2 protein chains.
Amino acid sequence: MSRIENSDPTPQDDAARAGWLYYVAGMTQDQIAAELGISRQRAQRLVAKAMADGLIHVRLNHRIGACLDLESALRDRFGLGRCRVSPSLGGADPVLSIAPAAAAELERVLRQPDPLTIALGTGRAMRGMVDAITPLEAPQHRLVSLIGNIAPDGSASFFDVIMRVSDKVRAPHYPMLVPVISPTSAERDAFHALAPVRRVADLARAADVVFVGVGQMSDDAPLLADGFVTREELDQMRAAGAVGEVAGWVFDSAGQYLDVGTNTRTGGVRVAQNPDRPAVGIAAGASKAPAIAAALKSGIINGLITDELTARAVLAS
Amino acid sequence: MSRIENSDPTPQDDAARAGWLYYVAGMTQDQIAAELGISRQRAQRLVAKAMADGLIHVRLNHRIGACLDLESALRDRFGLGRCRVSPSLGGADPVLSIAPAAAAELERVLRQPDPLTIALGTGRAMRGMVDAITPLEAPQHRLVSLIGNIAPDGSASFFDVIMRVSDKVRAPHYPMLVPVISPTSAERDAFHALAPVRRVADLARAADVVFVGVGQMSDDAPLLADGFVTREELDQMRAAGAVGEVAGWVFDSAGQYLDVGTNTRTGGVRVAQNPDRPAVGIAAGASKAPAIAAALKSGIINGLITDELTARAVLAS
DNA sequence: CCCTAATGTGAGTAATTGCCCATCAAGCGA
DNA sequence: TCGCTTGATGGGCAATTACTCACATTAGGG
């Protein structure tokens, strides 16, 4: 039996009304205020709330053609499953370009009725994706972190990607309470000897779907910027052939994991090269192209969401 | 072979960039102007153009739950195929509420790769739908008008629904060059004796999909407002049991076409009660509820796109 | 070659919006 | 009950945006 009743107007309900009147009907905030019988300031707050709550989605239809061409070229070249290329527009952060597409892909997975274990990495691109997803109910799935979430300074700031997703979709989440990179391999092993950590790691290894960012090893490496490696370590690993990194695990230009540098102390779970398990890379930025190409080559990731410029660079490499 | 080249920036391309920077990245027009090296005024014009060209789509996620409940109730009650209920928000025109949903449904049909004959009615709701559709290439389909497009004053203003769709999707269109309602049945028959008119009528009768508005017969009847019937005719048909109208053809509360009044002189093609051929009604407004319910009952339409309030009213009737 | 119309551009200005702050009501512990 | 904190509300103001107007540039026709 369907519940069909006019309940009291929720606070968010008013926000939705105001947001709709503003963004879709194109009314001014004064008109909305008059329409709903409230002050203009309140109308403004409702509109802002509608946007903040992610009730309003803005999408751009353009240059689908060129982007579809790039998608099929990437699929052919690397044998990809999922592949999406967003238009590169303006000089703004390319992460913003791909966030909506990445969010749409994650939402597609979350809408699957059967329970899935979804493994997530961290990084700026992942964070952009999370901010762009629409809240939806998906309590049937489990969200598991691939990467340790204890930063060098002891804070758990990297916890927030998986926590925010979990918040938005009401799915249980399993953070990995381990340093991203431990000072010694012994300490790393000590963490992994703990039963709760092992359970999460096992869960992550058995994930049905993987979403990760891709880090480059050039001078603007995220690992360096976030203080997980020193410049010396970075240079050493580059000398050993490192071109990129996924979930903190460094690999060479053929996409093969290396056994040097921080790879002996990385706390998270390696993304295995498994063609049967979707592993979607979310990454954009010209300097990431070699890292993305390498990860695609060996199948560390077998799906890609990127922007037009990066796609061209990956194909050119 | 994929074309992967950086061609010159189209004028619309700039509009897309500016629109994206403004609506998605949230930059101010001053920032955009600096970013793209143009004047603020030009940036403003580009943003306006992006919106005017329909490059920017705004969507609202809310109350999906309540609306889904109404959809399933309508489906159960009337055995519908397609059914979409949009949230009623604010006191604005309900046509605006349903236009995006209606447009999405039409786009879904247009994206079918196999050639289809799509029959279209007219009216305010249909016009709203047309304005909301995204331009896409669908030259494989044929668009045919169900209803005459010659108004009482001789103008062809009702031509525009089908013409605008055709414009946006580049599909061939077949308007019905016949008065909406002729002064006498003899004149109507004369028009239908003409070979070109007959061809279009045959095409309309054989349509694979039908999209129509639903008119009410109350004092705010569209037929009356647009001058197609006089108040005397309206009253006479109401006395004979008329509650609604689809494509100009009047029916009673059981959804059975009547043989009185203007029905002997209507120029267009009747929508047959054929359960195997999708016929989607696009209609919202409390006064339309009895007409919608009647049309659903007999299967003149077997799909419905409406708003929340109208859906409640239809279910209550 | 000149004229004209059409399209595009920049400046100015009025309207609209975002934000800070004073105020107020409600909740809560002493 | 009182005083405090918390969160919501509307006024006012600066920032931002939309619109109008005058001018420049260019294509087409006589």
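Residue numbers start from 1 in every chain, and the chains themselves are labelled A, B, ... in the order their sequence lines are given, proteins ahead of strands. What you see below is based on every heavy atom in this structure, not just the backbone, and it leaves out hydrogens, waters and symmetry mates. Remember, predicted model here, so these are calculated numbers, not experimental data.
- Look at NZ on B:Lys49: it is 16 Å from P on D:dC19, rounded to the nearest Å.
- Here the closest heavy-atom approach between residue A:Val144 and residue A:Ile162 is recorded as C-CD1, 3.5 Å.
- Annotation for B:Leu46 and B:Ala18: closest pair CB-CB, 3.6 Å, computed over non-hydrogen atoms.
- Of all non-hydrogen atoms in A:Ile98 and A:Ala125, the two that sit nearest each other are CD1-CB, 4.5 Å.
- In this structure, the side chains of A:Tyr23 and A:Val47 come closer than 4.5 Å at one or more pairs of heavy atoms.
- Considering only residues two or more places apart in sequence or on other chains, A:Asp220 meets the side-chain hydrogen bond (donor to acceptor under 3.5 Å, both in side chains) condition with A:Gln216, A:Ser218, A:Ser287.
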Inset, instruction - If a protein heavy atom is under 4.0 Å from the base, mark B; if only from the sugar-phosphate, S; if neither, -; do that for nucleotides 8-26 of chain C going 5' to 3'. - result: -BBB-----BB-B------
